[in-house]
Novice: 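Below you will find the structure I want to go over with you.
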Amino acid sequence: MCCVRSLPTLFIARMKWTEFFIPTAKECPADAVVPSHQLMIRAGLIRQVVAGAYTYLPLGLRTLRKVETIVREEMNRAGAIELHMPAMHPIEWWEQTGRVAAMGDVLVRLASVSPDDWRSRTCLGPTHEEVITEIARAYVRSYKQLPINLYQIQTKFRGEARPKSGVLRTREFLMKDAYSFHLTKEGSGGLDEGYQKMYEAYCAIFSRCGLPYIAVQAESGPIGGDASHEFMVATDAGEDYLVHSEDGKYAANLERAEVAAVMDVGQGGNASLKEVHTPELKTIDEVSAFLKCMPQQMIKTMIFEADGEPLVALVRGDHEVNEAKLRRIAGIKKLSPAEPELIREVTGAEVGFAGPVGINCRMIADQAVTVMHDAVTGANKTDYHVTGVNPERDFQIKESGDIRMAIPGDRAPNGSPLIFKKCIEIGHVFKLGTKYSVSMEAQCLDHVGKPRPFIMGCYGIGLNRIMAAAIEAFHDDKGIIWPMSIAPFQVVICALDIKDDAVMSLAQKLHDELIASGIDVILDDRDARPGFKFADAELIGFPLRITIGKKGLADGLIELTVRQTGETQKIKPAEAVAKVQECVGAACI
RNA sequence: CGGGGCGUGGCGCAGCCCGGUAGCGCGCCUGCUUUGGGAGCAGGAAGUCGCAGGUUCGAAUCCUGUCGCCCCGACCA
């Protein structure tokens, strides 16, 4: 990637501001809270229609289309093949994969007047694994057709309980989703190779969009599969957390983040076990306040129901159990917090007084618990806790490991301190495995003619989120600062004196020359004062601004201003096209 | 789904407590002046006060219900 990319002709057309449609606003609705939402409204990019659904106004659509074009180019370059699937799906397919129940209210269904109505058998797709798997089942019959990667750019529907933060979380959104099909995991043509290709394509896409992204290890979650990365952009407007090590060598989402073992400080360990009366005190905070100890000195004892059996998990008082980690270490499928009844049964006490001492149940301790001394924990007796508890002396630890959430102060597995950041997920690559091919009986014949289920990968990108994330990452008090590659227009020409023939004819000439040289430019020909035009240009965030005024022109000069730096240089009109090309080129390599 | 807040011209808000002519700023339209950082003056258009009931001589205002939107939390394959 070393050459200047030319913009698809789709984006290049003569454009006067007065003939376009750009409803900017000085003020914005109080409803908009996060910067990207406020600026998208103020710059005239979007307008809300209902909660979680937005119109993309002409300017906003230009950026969305540019993002789309970059995604399409890089997907094609990576060997993926575009197709288009419908938003309407037969619910039956979703039943086959068990996802009608798994999705619950997230699956958008149509209101039907009767059970025989087609509407009662139709839903709007929140994603397309079912539809694509059916395509593969129908048409891909031989290993010779593999590997294959099919993708689309489609509107998705999800019944989000709470849409928020403008286009960052909506019920209707544009997503690029790709699905790869393989018969092997390793080797040439295998899933691992296809996954790696997509990972690299994603890096290329986000780099070209100018985004400061970070790829993190992610939980594969209930969708199944064994490997997954999320692509994140750090922003306070996000709703996820990522952690990365100070040395940059380790990055994961919060749910996935592993922590280095906590050192045994070796202090204490001689106290004797003592029962203390703690009436009505159930939480870590209540008990630690009452006994004047730190939460770190307490052992939190959580009871779960794991595949139908009770399971006790021990973590330090200031830590939280990470259910995904616990599930993996325990080697179980289904994990949920135990009902109070089960807790009473296991501990012989009311909820809030569980402890590891004397409990008779499968128990897994977090590593940090194994190095505790003289700890405090529940006594398995209502209204009592015990102090002076020492692992191994007072209770046996047969199983232990990393089963907790990382917290600030923790270190990555390589020992480097962990840094926490709020972020927004813009892409996700995922090894699905055979979950869908098995449940939908999508198979193909291998070298020896034996039918085998496809091994699949899926790869998603939120197009609208790329747009919003770019704004979150690049804005100032004046407005948006678009990366060159996805700006609605690369250049705005501000003609300051529209009744002045010299000004207007030069503006028009430069506009035409820029168009001819493949630059997309809009000519601000509004009859407005300079400050008004500048403020709009800065609000919308065109990367470059050419200012042509009567006064400057008297000296034979015009101005070129870079939005990002605010830097202005006076140039000769004849230099303008070359200078702009230079700036555009420098920004797009 | 739990908790909180808000619905009054395109946008931002006041008015509501204490019922009685629907108001301000931005924007919009017309005219004149102005033209390098969101211009000035004059004139003008635009609102079923979210919706439905109720109380009242009279409801933006009080009561009941309902819908919508936003925020916090829960959820998020």
Side-chain angles (χ1 to χ4, degrees), chain A residues 23-34 37-38 41-42 44 47-54 57 94 97-107 125-130 156 158-166 168-171 173 175 177 218-225 228 230 237-241 253-255 324 337 424-425 428 430-433 435-436 439 458 460 462 465 477-479 494-500 503 524 526-540 545-555 557-559 561 566 568 570:
Chain A
T24 59
K26 210 185 300 190
E27 293 176 303
C28 83
D31 282 352
V33 176
V34 303
H37 190 195
Q38 296 174 335
I41 292 172
R42 290 224 291 133
R47 178 170 175 80
Q48 180 171 316
V49 176
V50 290
Y54 290 83
L57 299 167
W94 286 79
T97 59
R99 290 214 287 177
V100 172
M103 290 270 177
D105 289 340
V106 172
L107 193 64
T127 172
H128 283 68
E129 279 84 3
E130 281 77 2
K156 310 287 185 187
R158 296 186 188 182
E160 295 291 351
R162 183 151 95 83
K164 56 181 287 198
S165 307
L168 284 177
R169 188 167 198 79
T170 51
R171 295 198 172 121
F173 55 96
M175 182 169 163
D177 48 324
E219 268 310 321
S220 42
I223 196 169
S228 160
E230 286 171 351
E239 31 188 14
D240 293 326
Y241 280 92
N253 72 13
L254 183 56
E255 202 191 10
I424 179 80
E425 179 189 347
H428 199 165
F430 210 103
K431 290 185 187 175
L432 277 181
K435 179 177 160 74
Y436 296 94
S439 58
C458 76
R465 279 186 173 187
D477 56 341
K478 295 192 178 106
C494 280
L496 297 189
D497 308 277
I498 65 159
K499 285 169 193 129
D500 185 290
V503 167
D524 187 351
R526 292 175 299 173
D527 185 11
R529 300 169 73 85
F532 186 85
K533 293 184 163 196
F534 295 159
D536 263 356
E538 284 153 355
L539 170 62
I540 293 166
R545 185 181 88 209
I546 291 175
T547 310
I548 305 177
K550 211 160 34 180
K551 290 177 186 167
L553 217 48
D555 301 329
L557 293 173
I558 60 175
E559 286 165 19
T561 304
T568 292
K570 291 192 190 300

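What you see below is based on every heavy atom in this structure, not just the backbone, and it leaves out hydrogens, waters and symmetry mates. Residue numbers start from 1 in every chain, and the chains themselves are labelled A, B, ... in the order their sequence lines are given, proteins ahead of strands.
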Novice: Taking the side chain of A:Arg169 as its heavy atoms from C-beta onward, which of B:G36, B:G38, B:C76 lies nearest to it?
Specialist: B:C76
Novice: Do A:His37 and A:Ser165 have a side chain donor and acceptor closer than 3.5 Å?
Specialist: no
Novice: Before giving the answer on salt bridge (Lys or Arg N to Asp or Glu O under 4.0 Å), spell out for A:Arg99 and A:Glu129 the whole-Å C-alpha distance, their side-chain angles and the decisive distance to 0.1 Å.
Specialist: CA-CA 11 Å; A:Arg99 290 214 287 177; A:Glu129 279 84 3; 2.8 Å; yes
Novice: Within this structure, what is the CZ-to-P distance between A:Phe173 and B:C76, rounded to whole angstrom?
Specialist: 15 Å
Novice: Hey, does the Lys NZ or Arg CZ of A:Arg465 hover above the aromatic six-ring of A:Phe173, less than 6.0 Å from the centre and inside 45° of the axis?
Specialist: no
Novice: What interatomic distance, in whole Å, is found between C1' of B:C11 and the corresponding atom of B:G54?
Specialist: 34 Å
Novice: Does B:G12 have a Watson-Crick or wobble partner in any strand here, with both distances under 3.5 angstrom, and which is it?
Specialist: B:C24
Novice: Name the pairing partner of B:G19, where a pair is Watson-Crick or G-U wobble with both distances under 3.5 Å, or state none.
Specialist: none
Novice: Using the closest heavy atom to pick a nucleotide of RNA chain B for each, name whichever of A:Asp240 or A:Ala535 lands nearer the 5' end.
Specialist: A:Ala535
Novice: In whole Å, I'd like the distance from the CD atom of A:Gln38 to the C1' atom of B:C70.
Specialist: 13 Å
Novice: What distance, rounded to whole Å, do you find between the two C1' atoms, one in B:C67 and one in B:C29?
Specialist: 35 Å
Novice: What are the two closest heavy atoms between A:Ala218 and A:His428, and how far apart are they?
Specialist: CB-NE2, 4.2 Å
Novice: Return the minimal non-hydrogen interatomic distance between A:Lys533 and A:Ala495, and the atom names on each side.
Specialist: NZ-O, 2.6 Å
Novice: From CG of A:Leu553 over to P of B:G36, roughly how many Å is that when rounded to an integer?
Specialist: 14 Å
Novice: Is there a Watson-Crick or G-U wobble partner for B:A45 with both distances under 3.5 Å, and which nucleotide is it?
Specialist: none
Novice: For A:Glu160, which contact category applies under a 4.0 Å heavy-atom criterion: base, sugar-phosphate, or nothing?
Specialist: nothing
Novice: For atom P, what is the distance between B:A39 and B:A22, given to the nearest Å?
Specialist: 34 Å
Novice: Quick one: salt bridge (charged side-chain N to carboxylate O under 4.0 Å, His left out) partners of A:Asp536, sequence neighbours excluded?
Specialist: A:Arg526
Novice: Which comes earlier along RNA chain B counting from the 5' end, the contact point of A:Arg158 or that of A:Val49, where each point is its nearest nucleotide?
Specialist: A:Val49
Novice: Please report the distance separating the C1' of B:C72 from the corresponding atom of B:U34, rounded so that it comes out in whole Å.
Specialist: 50 Å
Novice: Counting heavy atoms from C-beta on, name the nucleotide in B:C70, B:G37, B:C1 closest to the side chain of A:Arg545.
Specialist: B:G37
Novice: Are there any protein N/O atoms within less than 3.5 Å of an N/O atom in nucleotides 30-35 of chain B, and if so, which ones and at what distance?
Specialist:
| unit_1 | atom_1 | unit_2 | atom_2 | d |
| --- | --- | --- | --- | --- |
| B:U34 | O2 | A:Arg529 | NH1 | 2.9 |
| B:U35 | O2' | A:Asp497 | OD1 | 3.2 |
| B:U35 | O4 | A:Lys499 | NZ | 3.3 |

Novice: If the sugar-phosphate is the primed atoms plus P, OP1 and OP2 and the base is the rest, what is the B/S/- string for nucleotides 6-13 of chain B, using protein heavy atoms under 4.0 Å?
Specialist: -----BSS
Novice: To the nearest Å, give me how far apart OH (A:Tyr241) and P (B:C76) are.
Specialist: 17 Å
Novice: Base, sugar-phosphate, or nothing for A:Pro126, non-hydrogen atoms under 4.0 angstrom?
Specialist: base
Novice: Can a salt bridge be assigned to the pair A:Lys570 and A:Asp555 using a cut-off of 4.0 Å between side-chain N and carboxylate O?
Specialist: no
Novice: Would you give the length of the straight line joining atom CG of A:Asp240 to atom CD1 of A:Ile424, rounded to the nearest 0.5 angstrom?
Specialist: 6.5 Å
Novice: What heavy-atom pair brings A:Leu57 and A:Pro23 nearest, and what distance separates the two atoms?
Specialist: CD1-CG, 4.0 Å
Novice: How far, in whole Å, is B:U48 from B:C1 if one measures between their P atoms?
Specialist: 32 Å
Novice: Which nucleotide, if any, forms a Watson-Crick or G-U wobble pair with B:G73, using both distances under 3.5 Å?
Specialist: B:C1
Novice: Taking only side-chain nitrogens and oxygens of A:Arg162, does any of them come within less than 4.0 Å of OP1 or OP2 of B:C75?
Specialist: no
Novice: Does B:A52 pair with anything, Watson-Crick or G-U wobble, both distances under 3.5 Å, and if so, with which nucleotide?
Specialist: B:U64
Novice: Is a salt bridge present between A:Lys551 and A:Asp497, judged by a nitrogen-to-oxygen distance below 4.0 Å?
Specialist: no
Novice: Name the nucleic acid region contacted by A:Val33, choosing base, sugar-phosphate or nothing; use a 4.0 angstrom heavy-atom cut-off, strictly under.
Specialist: sugar-phosphate
Novice: If you measure from the C1' atom in B:C26 to the same atom in B:G68, how many Å do you get, rounded?
Specialist: 25 Å
Novice: Nearest 0.5 Å please: distance from the CZ atom of A:Arg42 over to the CD1 atom of A:Ile540.
Specialist: 11.0 Å
Novice: Measuring from the side chain of A:Asp536 (C-beta onward, heavy atoms only), which nucleotide among B:C69, B:G37, B:G38 has the closest atom?
Specialist: B:G38
Novice: Got a second to check how far A:Ile498's CD1 is from A:Asp524's CG, nearest 0.5 Å?
Specialist: 9.5 Å
Novice: Quantified in whole Å, what is the P atom distance between nucleotide B:C51 and nucleotide B:G40?
Specialist: 35 Å
Novice: Heavy atoms only, 4.0 Å cut-off, all strands: where does A:Glu255 land among base, sugar-phosphate and nothing?
Specialist: nothing
Novice: When rounded to the nearest Å, what value does the distance between P atoms of B:U61 and B:G50 take?
Specialist: 8 Å
Novice: Could you please name the partner base of B:U35, counting Watson-Crick and G-U wobble pairs only when both distances are under 3.5 Å?
Specialist: none
Novice: B:C26 C1' sits how many Å from A:Lys26 NZ, rounded?
Specialist: 6 Å
Novice: Check the distance between B:G27's P and A:Arg526's CZ and give it to me in whole angstrom.
Specialist: 13 Å
Novice: What is the distance, to the nearest angstrom, from the CG atom on A:Asp477 to the C1' atom on B:G38?
Specialist: 14 Å
Novice: Between B:C71, B:A74, B:C69, spot the one nearest the side chain of A:Ala51, thanks.
Specialist: B:C69
Novice: Provide, to the nearest angstrom, the distance between the NZ atom belonging to A:Lys533 and the P atom belonging to B:A39.
Specialist: 13 Å
Novice: So A:Thr561, base contact, sugar-phosphate only, or nothing? Heavy-atom distance under 4.0 Å.
Specialist: nothing
